[in-house]
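In what follows, a structure is listed as structure tokens, so that the remarks can point back to it.
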Amino acid sequence: MPELPEVEVVRRGLAQWVAGRTVREVQVHHPRAVRRHLEGADHFAQSLTGRTLTAAHRRGKYLWLPLAEPDGTPSGRALVAHLGMSGQLLVEKPAEPDEVHLRARFRFTDGGRELRFVDQRTFGGLAVEEADGNDLPSRLAHIAIDPLDPSFDADSFSAALRRRRTEVKRALLDQTLIGGVGNIYADESLWRARLHGARATDRLTRPQVAALLEGVRDVLGESLAQGGTSFDSLYVDVNGKSGYFSRHLAVYGQEDRPCPRCGTPIVRESFMNRSSYSCPRCQPRPRARRERTGA
């Protein structure tokens with residue numbers, strides 16, 4: 001699943017190649033691509049035709065592009081996109097052959113490069129949704145801002161994290177607490193902070209939370225600089241280029257390889273139908289919490 005760096009790379013590409021352009025035509029090639037648009041594919045296309053995509057924004061793992069009416073006034077709606085597991089938003093020359101898994105196509109009035117939504121596994125999706133006065137679609141309002149956002153409040157995050165009675169990795173994956181962090185970057189951040197994912201959030205000290213947040217910010221920033229993490233051809237930017245942060249992963253996907261810090265073999269554990277990776281020496285598993293019993 002693409003996480004913050006991968007989605008942010010796509011957002012930057014959309015801001016460069018798509019923002020400010022007016023939609024001439026929309027073709028929906030597979031109904032699942034617009035299943036979140038409850039009015040159907042025809043209504044989806046009509047809602048976009050003649051409108052201008054004014055900007056490109058991101059909240060967590062979602063992308064949205066506010067729409068303007070033909071006279072330039074804000075429409076109060078936005079094109080919302082989620083990439084799912086294999087979704088791609090590609091900017092292509094019209095003469096380029098269609099991709100095998102092309103799900104939707106956007107042509108523009110300037111006749112330049114078109115925007116294509118390609119999705120092999122069809123878990124991603126597009127929709128036109130109502131947006132508030134800040135152009136934020138209402139469905140995204142519950143998603144927390146991410147730690148790279150200038151308005152991110154570290155003190156509030158620390159307090160909220162320590163109030164919860166859960167495991168720290170589960171908390172990192174909670175998009176209502178911190179946006180954009182998924183399985184890969186949770187493992188990498190925990191390794192940097194020397195914390196096991198099963199550590200109880202209400203037992204974390206303030207310095208530990210500070211180290212964790214620093215790890216999250218560092219790993220997200222470094223991955224973003226490398227274009228994100230690409231394990232296969234499904235994770236690409238709008239020009240079809242892969243990211244290279246997979247070459248710098250310390251623990252994720254590194255089972256039995258030596259820890260870059262201490263040399264101990266990395267271990268893999270089952271976690272929420274997925275996998276967690278950690279160093280058993282740098283990140284010792286916490287002792288089980290003892291429950292108090294009555295007299």
Is there side-chain contact between [X] and [Y], with heavy atoms separated by less than 4.5 Å?
X      : Y      : result
Ser278 : Leu190 : no
Arg116 : Gln88  : no
Leu213 : Arg217 : yes
Arg162 : Asp202 : no
Leu172 : Leu212 : yes
Tyr185 : Pro5   : yes

Other residues, nucleotides and ligands only: do more than 12 of their heavy atoms fall within 6.0 Å of [atom1] on [X]?
X      : atom1 : value
Asp42  : CG    : no
Arg274 : CZ    : yes
Arg257 : CZ    : no
Asp71  : CG    : yes

query = Arg281 and Thr264: side-chain donor and acceptor closer than 3.5 Å?
reply =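 Short answer, no.
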
Please answer whether the main-chain N or O of [Y] pairs with a side-chain N or O of [X] as donor and acceptor at a distance below 3.5 Å.
X      : Y      : result
Arg51  : Thr49  : yes
Arg59  : Ile143 : yes
Gln254 : Val267 : no
Ser158 : Val209 : no
His37  : Glu39  : no
His57  : Trp64  : no
Arg21  : Arg113 : yes
Ser275 : Arg268 : no
Gln208 : Thr205 : yes
Asp119 : Phe123 : yes

Please find the pair of heavy atoms, one from [X] and one from [Y], that lie closest to each other, and give the distance.
X      : Y      : value
Leu65  : Ala56  : CG-CA, 4.2 Å
Pro265 : Pro280 : O-CD, 3.4 Å
Asp187 : Ser276 : OD2-CA, 3.5 Å
Gly50  : Pro70  : O-CG, 3.7 Å
Phe117 : His82  : CZ-O, 4.4 Å
Thr166 : Ala171 : CG2-CB, 4.1 Å

Going from [atom1] on [X] to [atom2] on [Y], what distance comes out if it is rounded to the nearest 0.5 angstrom?
X      : Y      : atom1 : atom2 : answer
Arg11  : Leu63  : CZ    : CG    : 8.5 Å
Trp17  : Leu90  : CH2   : CG    : 13.0 Å
Leu102 : Glu92  : CG    : CD    : 9.5 Å
Leu195 : Ser189 : CG    : OG    : 10.5 Å

Residues Leu53, Phe108; criterion side chain to side chain contact (heavy atoms under 4.5 Å, CB included); working and verdict = CA-CA 10 Å; Leu53 304 172; Phe108 299 95; 3.9 Å; yes

Is it possible for you to say whether [X] and [Y] belong to one hydrophobic cluster, with membership spreading through side-chain heavy-atom contacts below 4.5 Å?
X      : Y      : value
Leu173 : Phe157 : no
Leu204 : Leu177 : yes
Val219 : Phe152 : yes
Phe271 : Ile178 : no

key: Worked check of side chain to side chain contact (heavy atoms under 4.5 Å, CB included) between Arg105 and Glu99   = CA-CA 11 Å; Arg105 184 200 318 273; Glu99 291 77 7; over 6 Å; no

task = State whether Lys93 and Glu96 are salt-bridged, where the test is any N-O pair (Lys NZ or Arg NE/NH1/NH2 against Asp/Glu carboxylate O) under 4.0 Å.
result =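 Looking at Lys93 and Glu96, the cut-off is not met.
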
inquiry  = Check this for me, if you would: do Glu8 and Arg12 make a salt bridge, where the nitrogen-to-carboxylate-oxygen distance has to be below 4.0 angstrom?
reply    =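 A salt bridge is present here (some side-chain N lies under 4.0 Å from a carboxylate O).
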
key: Working for side chain to side chain contact (heavy atoms under 4.5 Å, CB included), residues Arg103 and Leu126   = CA-CA 10 Å; Arg103 307 305 183 192; Leu126 307 170; over 6 Å; no

query = With under 30° as parallel and over 60° as perpendicular, where do the rings of Tyr277 and Tyr252 fit, or are they tilted in between?
reply =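 Taking Tyr252 first and then Tyr277, their aromatic rings stand perpendicular (interplane angle over 60°).
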
request  = Run through Thr52, Leu67, Thr54 and flag the one making a side-chain contact (heavy atoms from CB on, under 4.5 Å) with Ser75.
outcome  =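 The option that passes is Leu67.
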
key: Among Glu269, Lys169, Gln283, the one residue meeting side-chain hydrogen bond (donor to acceptor under 3.5 Å, both in side chains) with His196   =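 The residue from Glu269, Lys169, Gln283 that satisfies side-chain hydrogen bond (donor to acceptor under 3.5 Å, both in side chains) with His196 turns out to be Glu269.
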
